[in-house]
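Worksheet: the structure to be examined is printed underneath.
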Number of protein chains: 4
Amino acid sequence: MTRNLPAAHSSSTMRSLKERQREERAALILAAAQEVFTERGYYDASIDEIAARAGIAKGTVYLHFASKEDLLVALVEQQIVGFLSFVDQIIGEPLTVRARVEQILLNVYTRMQEQRNQVLLELNNRIGLTKSVIEKRENLQAHITQAMQRITALLEEGQRSGELDSTVPTPLLVATFVTLVSPSGYELLLISGQISPAQLAAYVSRIFFPRLAAPSLQQA
Amino acid sequence: MTRNLPAAHSSSTMRSLKERQREERAALILAAAQEVFTERGYYDASIDEIAARAGIAKGTVYLHFASKEDLLVALVEQQIVGFLSFVDQIIGEPLTVRARVEQILLNVYTRMQEQRNQVLLELNNRIGLTKSVIEKRENLQAHITQAMQRITALLEEGQRSGELDSTVPTPLLVATFVTLVSPSGYELLLISGQISPAQLAAYVSRIFFPRLAAPSLQQA
Amino acid sequence: MTRNLPAAHSSSTMRSLKERQREERAALILAAAQEVFTERGYYDASIDEIAARAGIAKGTVYLHFASKEDLLVALVEQQIVGFLSFVDQIIGEPLTVRARVEQILLNVYTRMQEQRNQVLLELNNRIGLTKSVIEKRENLQAHITQAMQRITALLEEGQRSGELDSTVPTPLLVATFVTLVSPSGYELLLISGQISPAQLAAYVSRIFFPRLAAPSLQQA
Amino acid sequence: MTRNLPAAHSSSTMRSLKERQREERAALILAAAQEVFTERGYYDASIDEIAARAGIAKGTVYLHFASKEDLLVALVEQQIVGFLSFVDQIIGEPLTVRARVEQILLNVYTRMQEQRNQVLLELNNRIGLTKSVIEKRENLQAHITQAMQRITALLEEGQRSGELDSTVPTPLLVATFVTLVSPSGYELLLISGQISPAQLAAYVSRIFFPRLAAPSLQQA
DNA sequence: GATGAATGAGACTTCATTCAT
DNA sequence: AATGAATGAAGTCTCATTCAT
């Protein structure tokens, strides 16, 4: 009696299957890491708990990430990339700068509320990601730089169009914006009690933009 | 003939001497701790290094602070208290809200530049000071609450006077302000390159206040 | 106005006065040490607490005892000497061996109940006094040997007189006796609930002596 | 043709294999701990030395025992359980109380001589096992209580049968017995020089039982 | 002589990382 | 590839002892 193998997959298919499985595994670990890092902070998070939460063994984590620091960096990078792609998408839309800024705020705050990730985790050293760590990682460095450039471009456009105060150095505007968008900023913003991401975005926008400028999102 | 006793240090003098020495020692340790915490973050800072930096033995640290956490809390408290006293002083002055806000910004940024302390270290969890830690310390908790109340009062006044947008919930304004004043915010602000604390304060103020509102500090 | 010094003591008087004060101090420390050692055991007892309990400074302890171990040894020695002198006194009395044994039991148990000391602390390693420690101290060694010799002599006499089983090697009888008289034995004996030292002594004697042998203490 | 899978270890076999290895490891550590605790006492024993003696790394100890105290408690429990099972076995035999007591003594002294363990380590606080420690451990507490109950039952039976003096409160007899069987008692008994466990058991029995009572072990 | 601040060796314990199975 | 037992560096904290005042 012969065994009927389910149609010999081409080696390339096999590889891509394995590849896919591997990536799924990595994503699973990253998700677990995100949870634990968020709950406990980088130092109090243990590889043991991350592995347990991902349903795998401790050693397996190291098949995907070379070290705990690497895991953090990968996580941060993932988030930056996600942020970057959203920004790239929004930035091309035919809206006022203010409207686009508000879209970004809304996206960030919504994701934060969903606890699904803490965007821009990395622009901020909340978890203990020291500058030296970032500097060692060229990729990460590059992604962060790109994100900052996008934001800079957007806000510069706002200054040129008069939506933003052009007497303030752009980098300062950028810094302010980033601060408002970072997790620690978000946490503080939450002090005001239950407030929806949309409201939060609108209010922050109102603070950020000259109060007499054009209206936005809400009432367009 | 009477013997002139050698100045018979009054017991109160003696006590205050020892007391003073003790406080100096504690201050020395706090300064070293500040340095190391700032350089390495709370977790990567070791008591060993703090002691070495202070020029004392490891055990001596524990004569003054019961634990590493205690050391951090004391440091944070010291800074909050300093911040609080400055705010209390400035808040009573007969100036516009904007002018007073700028004074505060100036003070904070100046001290940060001098590396002498990182004010509001605590309102932010940069170093890993978890919320649970703060909650255990009633004193610290109280001081933070007070500081927030002062800021809230000031900004509320600004909203009533029309200097600040009164349609934004005050807690949100407070959160934004605190974010801009916290170390992580400061670090970002520095991205714009060499800029003096005074300029920084002015620019941040310009962002924070409606651009068409009354002038301030600069040109009064 | 002249001060009237209280009659220049002769240097010898002075010396003996100082000597006496010194000894009092030492006794004070020993008493405190006894308390703390008993409450916490040797290792969990801290010099700090002993000094505090004696109402002196930590450093002062070291003016009287070279080390923590020394303090323990001195304490033990003090107790052995006290035990020895009591035994020497009782051993010469014209009583049956059993009666004298009961006197010793009574004395030991009474003192234990009074918590004032834990006689024979040292024949037993309850506190963690290791054999090696004892061996280093010739004096202590000698005192313990003497005490054992006195007990041995007494029990040998009992074996000769027929009060004790002469077919049992004397050292074994001695060991049994010492065990019953040591603190750990005493603690176990207390399990039986509230019982007076006198009762305890009588019962232990009854166990120790052949039940059909001559009567004793109790019943004349 | 069928493939003979390599013995397809049933999951239960696998588990029991790991389980067995784990237990062996734990036993190895306990043995090393026993040695070191015995040589140095609880406080002067270091985890470092225990690990070295077991031929493993320090951290490995903590994979099996949560703390140094836990290690001690486990050791003590192991011994109590062994003692208990032996007593349970012997207690049912159709022998005189005296014969059974002698069996117990013989067993205990033999094991002590073999240095393999120090039975009843725990009924005695030789190592510094404080009462408070025992009280925290319900299991240990329960085992000790059981052991005491067995001994109590046995000696009560002896009192009823006339082998033991019924005028002495049973708890006192129990205490005396336990004292003679505990490590510190054993050590003292050894003072009499080289003596076999059997002789020791016989002599102690002779002391413990009324000298005119029935003969025993020896001459059956 | 008395003090108690300072010292620093050393203890326990954690946990990222490795590697034999 | 996956596992998880083992490792051992490193950290926090204690406390006996010293010594300048």
Side-chain angles (χ1 to χ4, degrees), chain A residues 18 21-22 25 42-52 54-71, chain B residues 9 14 17-18 21-22 25-26 43-52 54-71, chain C residues 18 21-22 25 42-52 54-71, chain D residues 9 14 17-18 21-22 25-26 29 42-52 54-71:
Chain A
K18 287 218 168 168
Q21 284 183 340
R22 188 180 165 74
R25 199 69 123 171
Y42 180 67
Y43 283 90
D44 286 335
S46 75
I47 298 289
D48 251 324
E49 182 166 2
I50 292 171
I56 60 175
K58 185 167 27 171
T60 306
V61 174
Y62 285 85
L63 296 178
H64 295 266
F65 303 95
S67 69
K68 190 181 179 184
E69 193 182 290
D70 245 59
L71 188 49
Chain B
H9 293 296
M14 291 296 282
L17 175 64
K18 287 226 167 160
Q21 284 184 341
R22 187 179 168 74
R25 203 60 134 172
Y43 284 92
D44 285 334
S46 77
I47 298 289
D48 256 322
E49 182 167 1
I50 292 172
I56 60 176
K58 191 174 15 175
T60 306
V61 173
Y62 286 89
L63 256 36
H64 295 267
F65 303 94
S67 67
K68 190 182 178 184
E69 192 182 294
D70 245 59
L71 186 50
Chain C
K18 286 219 168 169
Q21 284 184 338
R22 189 179 164 74
R25 200 68 124 168
Y42 179 67
Y43 283 90
D44 287 334
S46 76
I47 298 288
D48 251 323
E49 182 166 2
I50 291 172
I56 60 176
K58 186 166 28 171
T60 307
V61 173
Y62 285 85
L63 296 177
H64 295 267
F65 303 94
S67 68
K68 189 181 179 185
E69 193 182 291
D70 246 59
L71 188 49
Chain D
H9 294 296
M14 290 297 282
L17 174 65
K18 288 228 167 158
Q21 284 184 341
R22 189 180 167 74
R25 203 60 135 173
I29 295 172
Y42 179 68
Y43 284 91
D44 284 334
S46 77
I47 297 289
D48 255 322
E49 182 167 2
I50 291 172
I56 60 175
K58 194 172 12 176
T60 306
V61 174
Y62 287 88
L63 293 178
H64 295 268
F65 303 94
S67 67
K68 189 182 179 184
E69 192 182 294
D70 245 59
L71 187 49

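FYI, side chains are in, hydrogens and waters are out, and symmetry mates aren't considered; it's all heavy atoms of this structure. Being a predicted model, the structure only gives us computed values, none of them experimental. Chain letters run A, B, ... following the sequence lines, proteins first and then strands; every chain starts at 1.
Between B/H64 atom NE2 and B/R22 atom CZ the span is 5.0 Å, to the nearest 0.5 Å. Rounding to the nearest 0.5 Å gives a distance of 7.0 Å between OG of A/S46 and CD1 of A/I50.
Nearest heavy atom pair, residue D/I29 against residue D/T60, reads CD1-O, 4.3 Å. Of all the heavy atoms in D/D70 and D/F65, the pair that sits closest is O-CD2, 4.3 Å.
Note on A/R25: only backbone sugar-phosphate atoms sit closer than 4.0 angstrom, heavy atoms only; bases stay farther off. Looking at heavy-atom distances under 4.0 Å, A/A45 makes contact with sugar-phosphate atoms alone, never a base.
Secondary-structure annotation of DNA chain F gives the stems E:2-21 with F:2-21, with a stem taken as at least 3 successive Watson-Crick or G-U pairs whose two distances both fall under 3.5 Å.
A heavy atom closer than 4.0 Å to some atom of DNA chain E occurs in B/A57, B/K58, B/G59, B/T60, B/L63, B/H64, these being the qualifying members of residues 57-64 of chain B.
When each of B/I47 and C/K68 is assigned the nucleotide of DNA chain F with its nearest heavy atom, B/I47 is the one assigned upstream, toward the 5' end.
Proximity of A/R25 to A/L63: side-chain heavy atoms (C-beta onward) are nowhere separated by under 4.5 Å.
Atom OH of C/Y42 and atom C1' of F/dC15 are 12 Å apart (whole Å). We find that CD of A/E49 is positioned 17 Å from C1' of F/dG4, with the value rounded to whole Å. One can place CG of D/D48 at 13 Å from P of F/dT7, the figure rounded to the nearest angstrom. What separates CD1 of B/I50 from P of F/dC13 is a distance of 11 Å, to the nearest Å. Straight-line distance from the CG atom of B/L71 to the P atom of F/dT12: 10 Å, rounded to whole Å.
Extent of DNA chain E lying under 4.0 Å from chain D heavy atoms, first and last nucleotide in 5' to 3' order, is E/dC12 to E/dT14.
Panel note: side chain A/Y42, backbone A/E69; a donor-acceptor pair is recorded below 3.5 Å.
Partners of D/K58 according to the salt bridge (Lys or Arg N to Asp or Glu O under 4.0 Å) rule, which considers only residues two or more places apart in sequence or in another chain, are D/D48.
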